[in-house]
Amino acid sequence: MKYEHKQIEKKWRANWEKSPINVETPDKKPYYCLDMFPYPSGNGLHVGHWRGYVLSDVWSRYQILHGYHVLHPMGWDAFGLPAENYAIQKKVHPAIATAENVANFKRQLHDISAIYDWDKEVNTTDPNYYKWTQWIFLKMFEKGLAYEKEMPINWCPSCKTGLANEEVKEGACDRCGSTVTKKNLRQWMLKITAYAERLLNDLEGLEWPEKVKKMQSDWIGKSYGAEIDFEIEGTDKKVKVFTTRPDTLYGATFMVLAPEHELVMDIVTDQQKVQAEKYIFDASTRSSVDRMADKDKTGVFLGRYAVNPLNGEKLPVWISDYVLADYGTGAIMCVPAHDERDFAFAKKFDLKITQVISKTGELEDLEEAFVEEGIMINSGTFNGMKSSEAKAAIPDYLEKQGIGTKTVNYKLRDWVFSRQRYWGEPIPVVHCKDCGVVGVKEEELPITLPDVESYEPTGTGESPLAAIDEWVNTTCPKCGGPAKRETNTMPQWAGSSWYFLRYPNPHNDKELISKEDMKKWLPVDMYVGGIEHAVLHLLYARFYTKFLYDIGTVDFEEPFTRLFNQGMVTKNGAKMSKSKGNVVSPDELVEKYGCDSLRMYELFIGPPELDSEWDDRGIEGVYRFLNKVWKLIDENKEADATREMERLRHKMIHDITLRMESFNLNTVVSGFMEYTNKFLDIQKQAGGIDKETIKTLIILLAPFTPHISEELWESVGEAGSVFANEWPVFDEEKMKDDEIEIAIQISGKMAGKIKVAADEDEASVLAKAKAAAAARLEGKEIVKEIYVKGRIVNIVAK
RNA sequence: GCCGCUGUGGCGGAAUGGCAGACGCACCUGACUCAAAAUCAGGCGUAGCAAUACGUGCCGGUUCGAGUCCGGCCAGCGGUACCA
């Protein structure tokens, strides 16, 4: 009989439908294996999407064979710009386009034959889902973690909306690539900075790729230093600066404030006022890209002097856009001798440079800033001290004198959370003339998204919702008076920051998640997805989880115990995309070779964590392999298990299991090929393979190629599903061979091989090796003999 | 600039410090066929008829032995970027 993949796959899909293989029984432990849910785009799935989905499904099925009941759900991150932009173009409600895309995605996902439980599907645009997205916001609002602020934010002129810092990559909008500008807007913010320390510390215990942990920790950006107050001469103002180099305080020769610093206009002298105002205006209109790209220093002197609290020296006060308003205190003390940027500024404006740290302990000629550690000079009582010690000693002194404090600083900023777009969750608050901003009552949730005539973003900082008077005008939940609804919507990240909590009970209308389901399933055991969310979704989800822990909704602080980032599938060296025209669709491949072949090839293509280049011809090899397996079993005449077969069987289980556990899935597949080739040889010579080995091979293959495995399981006369089995176990003793091959080296160079008994003693092995290599040892003196048991002999000879 | 990852045949890639190139693709030869496809048998790093020599980005080191460990470079990719 031939391997008919179409028939087989159809048959087993129908069978699984009737009798599912992943069912709950009292003896099974729960395992939660999660995929990053997709945005249902109109383009459909390509073979790159398959990779992650196949990987998580193979892992899920592997857990089933280990006796777990697995939660392996799928859903839709369906709010977002593509559907909205499509709506603007075609005048179709985004909900309609989204529903069509979801249907198409589901059809394509069906082809993977993953064990998704569609009863647990979630969709972030479903009011019964976003009710809880809004509920979380209300709770954050109650706790003061969601707040309104007017400030200059990242603004994408093309998407016409504000962006979070995490959404700006190299000065451009992460979504559309347009250059991001600054815009002063009233914004909803989430106080993620309140969790900076916990977000940083808890990374340690996670089984995540080190790379992702590093990226998050860099993004949070903790640094230690001091805040120091400087009095401004001729005014009653003090300016606080943050520095990580308090050891250089004696070398401060000027001070720079960010143009946006709140005290600039209080400090500036009348004489310098016009110039300063012009500079501030210019800085406000420069895009962040310009500000970044242009390293040339600019600035304006404010006409005043600050007083160095340690030595009373007068420091001219400047403004310059190289100082960032939203990091530290927005003002710095400048030590040109020991900071490259300050050095450049001092050179440009001819400011004093005082060296206070020296390599030798003597004053040196500085041609550039000296940023290393050294000996303190020009620093009063601290002279002669190591700068590394002064780093602690000077802040101690400042604290004692009451002019400074030791502090830590983070690069992480609060999360700009409002979007001026239509297709997102309405922010559930109202603005009341008398009561101010008031959260809606919990029982009013969800605040559903109304229909609008135009989805077009206004670009004014208001969302299209602002145009719907009958929706905007409401009553205040507190005083009952007239009030207006908030018209900004939430970012796409809102729905994805907690969706993993909803899967266990998507239809629960009483609470976000029941205590019982939460304790049973969460946190997620294995999370599979792309690296692109390293500091976006994954950071936000951790923040949400910590908040929900604080208010008692969940009893764990980290949502994802283990994370795996699968590599991209590339074609012609580039990520697959419609615009590049290099998209490979799985549809024809499934048709021609079957789901099992495509699943297996997705894993065979390369190490799962690395990017891999797609080759259409490669799948042929896997298809041939499955045909070989089919033939091996279909034409087998059952034989008794020989000692050699038993040895091979245990070694196969050993190899496959170890590679599985270390996630070397590409070598698992090559292992299958290797052993199958061996079995075919033995079959040819001996006439048949024993049944135990056949059954073992079928079970090991099952997570990868479930359809053919079920069919073969049935064909060898076994009842029930192959997934009702336990993953086979190996016995180290039975893997051992009587005779082993030893490689011989002479002075580290290969010089043949010999066969010896497995338990042969060293002297005997060495004697045999020398005999075998006698010709090449002739006339040489043996200096040293090394025997590594069971592996190699090295004879060092001169 | 700083941080991280990756460099192995024509290609994708294997190798607990111990036989470099497993497994697969492509290619070559042969069998089967009227022929082709499929399948089967064999070959396939470079040079050489061969014995053999040389080969894991480059230079050096440790070691009986290095793709693997250490030091110094180079290239590609990713993150970050005036963060004081």
Side-chain angles (χ1 to χ4, degrees), chain A residues 2 169-171 209-212 214-219 221-223 225 241-246 248 252 255-256 258 291-297 320-324 326-335 338-342 344-345 371 409-413 531-532 534-535 568 573 600-601 604-607 609-622 624-625 627-628 631 658-659 664 666-677 680 684 741-753 783-797:
Chain A
K2 236 187 106 208
K169 304 280 167 189
E170 294 182 14
E210 286 308 314
K211 182 183 179 175
V212 176
K214 181 80 167 47
M215 279 165 76
Q216 289 215 358
S217 119
D218 284 352
W219 188 260
K222 184 178 186 177
S223 57
V241 306
F242 171 73
T243 180
T244 56
R245 295 295 304 276
T248 64
M255 172 184 271
V256 176
R291 235 172 119 155
M292 267 184 341
D294 185 9
K295 304 261 164 157
D296 195 28
K297 298 285 180 285
S320 172
D321 64 4
Y322 86 90
V323 175
L324 304 175
D326 49 2
Y327 179 75
T329 61
I332 60 169
M333 65 174 211
C334 298
V335 187
H338 306 291
D339 181 280
E340 285 172 27
R341 296 147 302 177
D342 297 345
F345 195 87
V371 294
N409 235 294
Y410 301 92
K411 285 190 201 174
L412 185 71
R413 317 279 161 81
I531 186 85
E532 65 272 19
V535 285
M568 251 174 7
M600 195 165 236
Y601 183 57
F604 188 52
I605 188 168
E609 69 280 8
L610 299 181
D611 293 351
S612 290
E613 173 73 10
W614 185 265
D615 181 355
D616 272 333
R617 291 175 305 195
I619 192 174
E620 294 262 4
V622 172
R624 277 179 207 146
F625 162 71
N627 273 286
K628 278 190 196 176
K631 214 175 130 210
L658 261 61
R659 292 173 190 187
N664 293 325
N666 54 326
T667 61
V668 171
V669 177
S670 65
F672 284 137
M673 292 174 171
E674 227 168 315
Y675 281 101
T676 300
N677 288 342
L680 280 167
K684 208 174 288 168
E741 204 176 56
I742 303 287
I744 306 170
Q745 291 185 335
I746 294 175
S747 301
K749 299 223 168 187
M750 285 311 301
K753 302 163 191 189
V783 183
K784 198 170 179 181
E785 294 168 26
I786 291 147
Y787 174 52
V788 181
K789 195 169 184 324
R791 289 191 168 273
I792 205 160
V793 169
N794 191 6
I795 301 163
V796 185

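A note on names: the letters A, B, ... follow the listed sequences, proteins ahead of strands, and every chain is numbered from 1.
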| Base-paired stems in RNA chain B, each at least three Watson-Crick or G-U pairs under 3.5 Å | B:1-7 with B:74-80, B:10-12 with B:23-25, B:27-31 with B:39-43, B:45-47 with B:52-54, B:57-61 with B:69-73
| said: For a 4.5 angstrom cut-off between non-hydrogen side-chain atoms, does A:D342 reach A:V256? | reply: no
| Heavy-atom distance under 4.5 Å between the side chains of A:F625 and A:N677, does that happen here? | no
| message | With a 4.5 Å cut-off on side-chain heavy atoms, are A:W219 and A:Y410 touching? | response | no
| query | Of the nucleotides B:C23, B:A84, B:G18, which one has an atom closest to the side chain of A:I792? | reply | B:G18
| Span that lies between the C1' atom of B:G30 and that of B:G45, in whole angstrom | 24 Å
| In terms of the nearest nucleotide of RNA chain B, which residue is placed more toward the 5' end: A:K749 or A:V535? | A:K749
| request: Could you check how far CG of A:D321 sits from P of B:A84, rounded to whole Å? | output: 18 Å
| message | Looking at every heavy atom in both A:N666 and A:F604, which two are closest together, and how far apart are they? | response | O-CD1, 3.8 Å
| query | How is A:R659 classified with respect to the nucleic acid when contacts are heavy atoms under 4.0 Å: base, sugar-phosphate, or nothing? | reply | nothing
| task | List the atom of A:G328, the atom of A:F242, and the distance in Å for their closest heavy-atom pair. | result | CA-CB, 4.1 Å
| remark: Ranking B:A84, B:A22, B:A20 by distance to the side chain of A:S670, first place goes to B:A22
| Touch check for A:E741, heavy atoms < 4.0 angstrom, all strands: base, sugar-phosphate only, or nothing? | base
| field | Rounded interatomic separation in angstrom, taking CD from A:E674 and C1' from B:A14 | value | 9 Å
| task | Could you tell me the separation between the CZ atom of A:F345 and the C1' atom of B:A84, rounded to a whole number of Å? | result | 13 Å
| request: Could you work out the separation of B:C44 and B:C28 based on their P atoms and round it to a whole Å? | output: 16 Å
| Minimum side-chain heavy-atom gap A:V371-A:H338 below 4.5 Å | no
| field | Pairwise distance CD(A:E532) to CE(A:M568) - rounded to 0.5 angstrom | value | 9.0 Å
| message | Please report the distance separating the P of B:G12 from the corresponding atom of B:C3, rounded so that it comes out in whole Å. | response | 30 Å
| message | Measuring only the P atom in each nucleotide, how far is B:G79 from B:A15? A whole number of Å is fine. | response | 28 Å
| query | A:K214 NZ to B:C2 P: how many Å, rounded? | reply | 14 Å
| query | Which nucleotide in the set B:A84, B:C82, B:C3 lies at the smallest distance from any side-chain heavy atom of A:K297? | reply | B:C82
| Value in whole Å for how far the C1' atom of B:C19 lies from NZ of A:K753 | 5 Å
| message | Distance check, C1' atoms only: B:U63 and B:C70, in whole angstrom units. | response | 12 Å
| query | Under 4.5 Å between any side-chain heavy atoms of A:V335 and A:M333, yes or no? | reply | yes
| query | What interatomic distance, in whole Å, is found between P of B:U68 and the corresponding atom of B:C19? | reply | 14 Å
| In whole Å, what separates the P atom of B:C2 from that of B:U16? | 33 Å
Produce the list of close N/O pairs, under 3.5 Å, pairing protein atoms with atoms of nucleotides 6-13 of chain B; give distances to one decimal.
from: B:G12; atom 1: O2'; to: A:I605; atom 2: O; distance (Å): 2.6
from: B:G13; atom 1: O3'; to: A:N666; atom 2: ND2; distance (Å): 3.4

Between N or O atoms, less than 3.5 Å apart, protein on one side and nucleotides 59-64 of chain B on the other: list the pairs.
from: B:C64; atom 1: OP1; to: A:K784; atom 2: NZ; distance (Å): 3.4
from: B:C64; atom 1: O2'; to: A:N794; atom 2: ND2; distance (Å): 3.2
from: B:C64; atom 1: O2; to: A:N794; atom 2: ND2; distance (Å): 2.5

| query | Are side-chain heavy atoms of A:K211 and A:I531 found at a separation under 4.5 Å? | reply | yes
| message | On RNA chain B, does the nearest nucleotide to A:Y410 precede the nearest nucleotide to A:E340 from the 5' side, or the other way round? Give the residue. | response | A:E340
| task | State whether A:Y322 places a side-chain N or O below 4.0 Å from either non-bridging phosphate oxygen (OP1 or OP2) of B:A84. | result | no
| remark: For A:K628, the salt bridge (Lys or Arg N to Asp or Glu O under 4.0 Å) test, sequence neighbours excluded, returns none
| task | Output all residues satisfying salt bridge (Lys or Arg N to Asp or Glu O under 4.0 Å) with A:K214, sequence neighbours left out; order by chain, then residue number. | result | A:D218
| Say you pick atom P in B:G10 and the same atom in B:C58; how far apart are they, in whole Å? | 14 Å
| message | For a quick check under 3.5 Å, do A:Y327 and A:S223 share a side-chain donor-acceptor pair by atom type? | response | yes
Protein-nucleotides 38-47 of chain B N/O pairs closer than 3.5 Å?
from: B:A41; atom 1: OP1; to: A:K684; atom 2: NZ; distance (Å): 2.5

| query | Nearest to the side chain of A:M673 - B:C19, B:G24, B:A84? | reply | B:G24
| query | Do side-chain atoms of A:T667 reach the backbone of A:N664 as a donor and acceptor pair under 3.5 angstrom? | reply | yes
| A:K169 side-chain proximity, nearest of B:U80, B:C23, B:C19 | B:U80
| message | If you define the side chain from C-beta out and look only at heavy atoms, does anything of A:S670 sit under 4.5 Å from A:R659? | response | yes
| said: Just the rounded figure in Å: distance from P of B:C19 to CD1 of A:I744. | reply: 14 Å
| field | A:D326/A:R413 ion pair, N-O < 4.0 Å | value | yes
| request: Can you tell me the distance, in whole Å, between the CG atom of A:D616 and the P atom of B:A26? | output: 12 Å
| said: If the glycosidic angle sits within 90 degrees of zero it is syn, else anti. Tell me which applies to B:G9. | reply: syn
| message | Without decimals, in angstroms, what is the distance between A:N677 CG and B:C23 C1'? | response | 8 Å
| How about A:I792 and A:Q745: do any of their side-chain heavy atoms sit closer than 4.5 Å? | yes
